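As structure tokens, the structure follows; a few thoughts come after it.
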Amino acid sequence: MTEDARFKPEELLRLAGSGVAKVDLMGPRGTTLCTMDEIEAMALLIAVSGLLPGRPTDPSRQPRFVETERT
């Protein structure tokens with residue numbers, strides 16, 4: 001990691017663990033109580049763990065935004 005990294009490894013694990021604990025203990029309500037830092041730390045941990053298939057630029061890995069059409 002570089003000196004200007006957003007999170008230090010210890011902080012990354014602490015924040016990710018805190019977010020997971022909230023969801024585990026409170027279910028859907030816990031998801032609304034997660035901070036942006038906790039969510040970012042969980043996403044970073046998933047990404048660096050190599051748990052996502054393919055490359056980050058693959059179309060299947062791109063974010064999906066569900067839109068509804070009005071007719």
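Quick caveat, the model's predicted, so the values are computed rather than measured. We count residues from 1, following the sequence as given.
- With rounding to the nearest 0.5 angstrom, the CD atom of E11 is 8.0 Å from the CZ atom of R6.
- The shortest heavy-atom contact between A16 and A41 is N-CB, 3.7 Å.
- Atoms CZ and OG1, on R29 and T32 in that order, are 4.0 Å from each other to the nearest 0.5 Å.
- Under the 4.5 Å side-chain heavy-atom criterion for Ile, Leu, Val, Met, Phe, Trp and Tyr, I39 and V20 are members of the same hydrophobic cluster.
- The side-chain contact (heavy atoms from CB on, under 4.5 Å) check on T35 picks up K22, D37, E38, with sequence neighbours excluded.
- A pairwise comparison of heavy atoms in G19 and M42 identifies C-SD, 3.9 Å as the closest pair.
- Both L13 and L15 are members of a single hydrophobic cluster when ILVMFWY side chains are connected at heavy-atom separations under 4.5 Å.
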